[in-house]
Number of protein chains: 2
Amino acid sequence: MVRKPKKQVIYEAAARLFQEKGYSAASMRDLAERVNLKASSLYSHIRKKEEILQKICFDNARRFLEGLDEIQQQFSSPLAQLEAVIFLHIDIALDDPTSITVFNDEWKHLEDPYLKDFVKLRKNYEQRLLDIIQEGQSSGVFTTVTPTTALNTMLTSLRWVHYKHAGDEPEKLRKDISALILGGIKV
Amino acid sequence: MVRKPKKQVIYEAAARLFQEKGYSAASMRDLAERVNLKASSLYSHIRKKEEILQKICFDNARRFLEGLDEIQQQFSSPLAQLEAVIFLHIDIALDDPTSITVFNDEWKHLEDPYLKDFVKLRKNYEQRLLDIIQEGQSSGVFTTVTPTTALNTMLTSLRWVHYKHAGDEPEKLRKDISALILGGIKV
DNA sequence: GTCTATAACTTGATAGAC
DNA sequence: GTCTATCAAGTTATAGAC
């Protein structure tokens with residue numbers, strides 16, 4: 001029987017709390033109650049509230065970026081890369097739906113310099129996807145919609161898996177979603 | 001030169017403020033400053049902070065529901081209806097991007113009984129779209145992905161238009177997005 | 001590490017003068 | 001309708017006893 005370090009228990013409870021009430025509306029007293037502590041005791045484990053949000057946001061950002069690294073090593077065709085990106089987003093969303101919700105919805109409550117850094121990482125990620133799309137268009141396998149329109153439509157269309165997944169098997173879900181997205185992009 | 005009623009000025013400033021900082025992090029003092037009043041003076045025009053959020057959320061909900069009413073009177077085929085729904089979402093997003101962001105992202109800060117009512121309206125809207133999708137599947141014009149998967153993918157994929165629109169002409173945007181979404185749904 | 005106590009400040013909202 | 005003054009409650013975070 002392995003006991004989780006209390007710090008981890010706090011982070012996980014915080015993610016659920018931020019998901020439910022939003023970062024700003026979630027108080028340290030709320031959080032403390034959920035881990036059976038007084039608010040002041042939390043500060044033996046973390047330095048400040050924002051630190052929790054930082055970890056959630058940057059851990060997830062890293063996950064996406066490293067996932068994309070692997071994909072670009074493993075696949076060379078734009079179509080295979082894009083499909084793998086779709087699977088990456090679905091798998092991450094299914095693996096940790098709570099923290100991905102916070103990552104998606106609460107990052108704007110980061111303060112500088114973390115906010116700036118976060119936005120930069122994200123811009124980076126999106127630019128790399130944009131390059132894939134444009135390569136696919138050049139080689140004639142993708143339709144010639146405006147690239148940012150294709151990118152944004154694809155990325156946002158993946159933003160429901162984490163909180164609304166109806167109970168399909170992951171395999172069925174991956175198959176359906178990739179068919180829906182790629183069906184619109186492929187020539 | 002028509003002067004806007006101050007109440008409307010307040011609502012519009014509030015929508016922008018809620019969009020920028022989120023409902024919870026936006027204070028009545030922030031809002032007052034933006035309309036050159038003291039916080040207490042706001043209460044001559046509104047009863048409470050949540051009242052503003054209510055109006056924004058329910059006004060937009062009504063817009064979508066009435067839009068769907070019209071669509072279902074005007075078109076009979078599932079494909080034509082679904083395309084019209086896509087245009088409806090795009091047009092609303094382009095017409096008032098700020099208030100649609102608040103509608104999309106901040107509704108969860110409504111309190112009961114408004115929260116319950118809002119969720120009910122939304123469920124209603126989504127059920128009607130689900131029926132369209134299922135009719136299209138039955139008549140063989142839509143692929144047989146899980147209907148809720150098609151619905152959620154379609155609806156969330158429309159949730160970027162309001163805040164990221166790159167500068168395309170609306171017509172090009174409507175054409176691209178409907179091609180991307182319907183291309184994945186059509187048989 | 002957890003507690004009590006508290007500092008220092010912000011919050012939404014009200015009372016009442018003008 | 002707008003102001004000043006104020007309230008009661010809530011906020012993050014720290015100090016120091018145990």
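We name chains A, B, ... by the order of the sequence lines, and we start the count at 1 in each one.
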Reading nucleotides 6-18 of chain C 5' to 3', which nucleotides get B (base under 4.0 Å from a protein heavy atom), which S (sugar-phosphate only), which -? -----BBBB----

So, using side-chain hydrogen bond (donor to acceptor under 3.5 Å, both in side chains) as the criterion, who are the partners of Thr153(B) when residues are at least two apart?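 Thr153(B): side-chain hydrogen bond (donor to acceptor under 3.5 Å, both in side chains) contacts with Trp160(A).
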
Spacing of [X] atom [atom1] relative to [N] atom [atom2], expressed in whole Å:
X: Asn36(A); N: dG1(C); atom1: CG; atom2: P; answer: 16 Å
X: Leu42(A); N: dC3(C); atom1: CG; atom2: C1'; answer: 12 Å
X: Lys6(A); N: dT2(C); atom1: NZ; atom2: C1'; answer: 9 Å
X: Lys21(A); N: dG10(D); atom1: NZ; atom2: C1'; answer: 12 Å

Just wondering, do Arg34(B) and Asp30(B) contact through their side chains at under 4.5 Å, heavy atoms?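 No, too far: nothing below the 4.5 Å cut-off.
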
Between Val85(A) and Met154(A), is there a side-chain heavy-atom distance shorter than 4.5 Å?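 Yes; the side chains approach each other to less than 4.5 Å.
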
Under 4.0 Å: is that the gap between some side-chain N or O of Lys38(B) and OP1 or OP2 of dG1(D)? no

Sequence neighbours left out, cut at 3.5 Å: what donor-acceptor pairs do the side chains of residues 177-187 of chain B make with other protein atoms?
residue   : atom : partner   : partner atom : Å
Ser178(B) : OG   : Arg174(B) : O            : 2.8
Ser178(B) : OG   : Lys175(B) : O            : 3.2

Should the pair Lys4(B) and Tyr11(B) be classed as cation-pi, given the thresholds of under 6.0 Å to the six-membered ring centre and 45° from the axis?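 Ring-cation test returns no.
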
Any donor-acceptor pair under 3.5 Å linking the side chain of His162(A) with the backbone of Ile90(A)?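 No; zero donor-acceptor contacts below 3.5 Å.
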
